[in-house]
Novice: 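First the structure, then my questions, so here it is.
We count ligands from 1, going down the list as the structure has it; atoms in each ligand are counted the same way. Note that the structure is predicted; figures quoted are calculated from it, not measured.
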Amino acid sequence: MKFAYSFLALTLLLSLLPPAHAGERPNFVVIFCDDLGYGDLSTFGHPTIKTPHLDAMAATGQKWTNFYAAACVCTPSRAGLLTGRLPVRNGMCSDTRRVLFPDSANGLPATEITISSALHGAGYRTAAIGKWHLGHLPAFLPTAHCFESYYGIPYSNDMSRTSKEDQLELAEQEKWSVYNVPLLRDTEVIEQPVDQRTITKRYTEETVKKIHEFKEEPFFLYLAHSLPHIPLFRGPEFKEVSTGGIYGDVIEEIDWSVGQVQKALEEAGVAENTLVVFTSDNGPWLRFKTHGGTAGMLRDGKGSTWEGGMREPTVISWPGRIKPGIIHGMGATLDLLPTFASLAGVELPGDRTYDGYDLSGVILGTAETSPREEMFYYHGEQLYAVRKGLFKAHFKTKTSYVGQKEAVVPERPLLYHLGEDPGEQWDIGEKHPEVLEEITALAAQHEAGVERVPSLLPAIIGE
Ligand code: MG
């Protein structure tokens, strides 16, 4: 009898407590820049661009110094982030048309599992804000991939130009109206051409609105800025504020935006239950001189598989939960899907291969080292380089868009030690044939295991 009363009392007590999982499922915010260089934030060493919000986020959270985009150009990089899979597995890369364009007939296939579909299926609220670049037709837009809403420019902000002037000269003129890019609300065009001087501010306001709308439930927000991809535009409040010129102005407005997102999370009372990742899709577009960023001491930029093309300045915050510090272990945008799934307690379908690792142990401080020990660098549909530990071998090289038309295939793969030589200046393949042999075998094993599908990027509407 006594036991029965105790049991009843315990049952009553338990029924009054919130469910065990309440508050345990974190929110996720991904802030994804376009063409931001490894050296473009002050916390990553830029001497004239000021990024106080990101600096503070890095100081109280984690700064990842070896974090990679999934590819060196926009479309495949974004496909890799959202699916946790290399773009060769889902057709979102190409050796001919390297990204999607306004006349492209395809986009990310509906059969792909994305961060949004995995989390939305588990009860998360979801919204995509900003650049999409995974198909601008309704069948491929965010709303077709379990994002409840979309607000943004569906492809790059330099597309649909109505002027035939040289792209560099045009970019320097700051004429937003010659880029006939649309702003979409879900699947409808609400403005065209969009006034890009207001775009960072409007993306930010939409994100803040969604944080307040979703605060009672777990949520995933994907804020993909259209900038600092050229042409560069910033709001009047950020005109000529930076010593770093117009590029600096743009980055400082993005930093302001990061501060606004953090403020909204705090005001909504969810900051301590929200993991925020800040990173970029590929390195700086060097062809555009002072309108492009810098990869710091890393070699080359956007479009190449040298480190400057794919290593990104990455900051992760999660107040009260993250183990603060500088993380030198490897990570990649490919890892976000498995990491978020793990932290949310979501099981991913086992019917496909994922290329990401669960980084939650490193984020929470329960793991000493990152589970990612290698990185595969694709240029279009081809594997150009492989990193294993601190060594990186290049099987082919191609610089970013200026200078070199064809890939160079060296007589033997080039080898660099990214610890001693992060700028990839000194080939040490002669001295370490055993390392080259090991990485070559790893590359062959990887390629043999990748189920490739035909590229979907070259298809054009109506053809
Ligand atoms: Mg990009």
Novice: Once rounded to 10 degrees, what value does the angle at the Mg ion (ligand 1) take between OD1 (Asp35) and OD2 (Asp281)?
Specialist: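 OD1 of Asp35, the Mg ion (ligand 1) and OD2 of Asp281 span an angle of about 150°.
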Novice: Please check: side-chain N/O of Thr143 versus main-chain N/O of Asp186, any donor-acceptor pairing under 3.5 Å?
Specialist: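 No, Thr143 side chain to Asp186 backbone: no donor-acceptor pair under 3.5 Å.
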Novice: If you define the side chain from C-beta out and look only at heavy atoms, does anything of Thr48 sit under 4.5 Å from Ser242?
Specialist: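 No; the side chains remain at least 4.5 Å from each other.
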Novice: Just wondering, is there an N, O or S atom on Cys74 that's nearer than 2.8 Å to the Mg ion (ligand 1)?
Specialist: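 For Cys74, the answer is yes, given that an N, O or S atom comes within less than 2.8 Å of the Mg ion (ligand 1).
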Novice: Flag Asn282 as yes if one of its N/O/S atoms falls below 2.8 Å of the Mg ion (ligand 1), otherwise no.
Specialist: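 For Asn282, the answer is yes, given that an N, O or S atom comes within less than 2.8 Å of the Mg ion (ligand 1).
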Novice: How many angstroms lie between atom CG of Leu54 and atom CD1 of Ile49, to the nearest 0.5 angstrom?
Specialist: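 With rounding to 0.5 Å, CG (Leu54) is 11.5 Å from CD1 (Ile49).
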Novice: Under the ring pair (Phe, Tyr, Trp, His ring centres under 6.0 Å) test, which residues partner Tyr38, sequence neighbours left out?
Specialist: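 Expected list: Phe44.
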Novice: Measuring from the Mg ion (ligand 1), name the closest N, O or S atom belonging to Asp34.
Specialist: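 Minimum-distance N/O/S atom of Asp34 relative to the Mg ion (ligand 1) is OD1.
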